[in-house]
Amino acid sequence: MQTMKLIFLGPPGAGKGTISKMITERLGIPQISTGDMFRAAIKEKTALGLKVQAILAAGALVPDELTIAIVKERLSWPDVRQSYILDGFPRTIAQADALAEFSELDAAVDFEVKDDLILFRLTGRRVCTSCGAIYHRVTKPPKVEGICDLCGGNLYIRSDDQEETVKARLKAYHDETEPLIGYYQKRGLLLTIDGSPDAETVYNTFISEIGRFLKK
Ligand code: AMP
């Protein structure tokens, strides 16, 4: 199989996590989600978790040095030597510059979704505590309320999916992450995809477009 080293850009709730999980399941490419790593650290009450807990709760960004250090370490593992999807990293120009020093990307995929749809998606999002599967109260309800269709785990609402926190996260996105679109466009690495349709449609668009960025 072709190798692919990708980053997923786009606002919170654009579908980065959902599409990454589909690619992991169908193509076997590992997903590295900095948000998931921080949430796991918070749950396990590690030193990192204690440092970042209040930052995530406020919808702000974790400092660059901390975030860069965990991604750099994760990218040294053998499973991601050939291919990976960085879901939610980089989120600042400083992170993008650091990444360019320790890994070479094939593409930066930007999932475009308008703010009002983001608010609807995130405030209705439900996540499985045990397998991480993602549902939506209206558009993708589980068969049994509160229970994961896939593994039977309990579903929960991410604490940062409350409306006020979503607004703070959107502001952080527009202020600090959106400039990365121009950054990767200049480098010829940008693939823009409409992230507003259903996940299957977005996935199919991704599959039909990504080939031109991959090495033969
Ligand atoms: P996500 O699951 O990607 O929406 O990330 C959840 C939260 O984790 C964000 O709101 C930030 O507080 C933090 N976070 C995740 N990735 C990064 C990053 N690359 N830089 C800074 N903070 C991050």
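Ligands are counted one by one from 1 in listed order, and the atoms in each one are counted from 1 as well. A quick note: this is a predicted structure, and the numbers were derived from the prediction, not measured.
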Short N or O contacts of ligand 1 with protein, under 3.5 Å, listed by atom name?
from: ligand 1; atom 1: 2 (O); to: R39; atom 2: NH1; distance (Å): 3.0
from: ligand 1; atom 1: 2 (O); to: R39; atom 2: NH2; distance (Å): 2.9
from: ligand 1; atom 1: 2 (O); to: R158; atom 2: NH1; distance (Å): 3.4
from: ligand 1; atom 1: 2 (O); to: R158; atom 2: NH2; distance (Å): 3.4
from: ligand 1; atom 1: 3 (O); to: R91; atom 2: NH1; distance (Å): 3.1
from: ligand 1; atom 1: 3 (O); to: R91; atom 2: NH2; distance (Å): 3.2
from: ligand 1; atom 1: 4 (O); to: R91; atom 2: NH2; distance (Å): 3.3
from: ligand 1; atom 1: 4 (O); to: R158; atom 2: NH2; distance (Å): 3.3
from: ligand 1; atom 1: 4 (O); to: R169; atom 2: NH2; distance (Å): 3.2
from: ligand 1; atom 1: 12 (O); to: A60; atom 2: O; distance (Å): 2.5
from: ligand 1; atom 1: 16 (N); to: T34; atom 2: OG1; distance (Å): 2.7
from: ligand 1; atom 1: 16 (N); to: G88; atom 2: O; distance (Å): 3.3
from: ligand 1; atom 1: 16 (N); to: R91; atom 2: NH1; distance (Å): 2.9
from: ligand 1; atom 1: 19 (N); to: G88; atom 2: O; distance (Å): 2.9
from: ligand 1; atom 1: 19 (N); to: Q95; atom 2: OE1; distance (Å): 3.0
from: ligand 1; atom 1: 20 (N); to: Q95; atom 2: NE2; distance (Å): 2.9
from: ligand 1; atom 1: 22 (N); to: V62; atom 2: N; distance (Å): 3.0

Problem set entry | Axial cation check for Y173 ring with R169, 6.0 Å and 45° limits | no
Exercise. What pairs meet the ring pair (Phe, Tyr, Trp, His ring centres under 6.0 Å) rule with one or both residues in residues 48-76, with sequence neighbours excluded?
Worked result: none
Exercise. Quick check: does any side chain N or O of R121 sit under 3.5 Å from a backbone N or O of G13, one acting as donor and the other as acceptor?
Worked result: yes
Problem set entry | Partner set under side-chain hydrogen bond (donor to acceptor under 3.5 Å, both in side chains) for D106, not counting sequence neighbours | K215
Exercise. Is the shortest distance from a Lys or Arg side-chain nitrogen in E163 or K167 to a carboxylate oxygen in the other one below 4.0 Å?
Worked result: yes
Problem set entry | Contact list for residues 58-115, test ring pair (Phe, Tyr, Trp, His ring centres under 6.0 Å), sequence neighbours left out | F8-F111
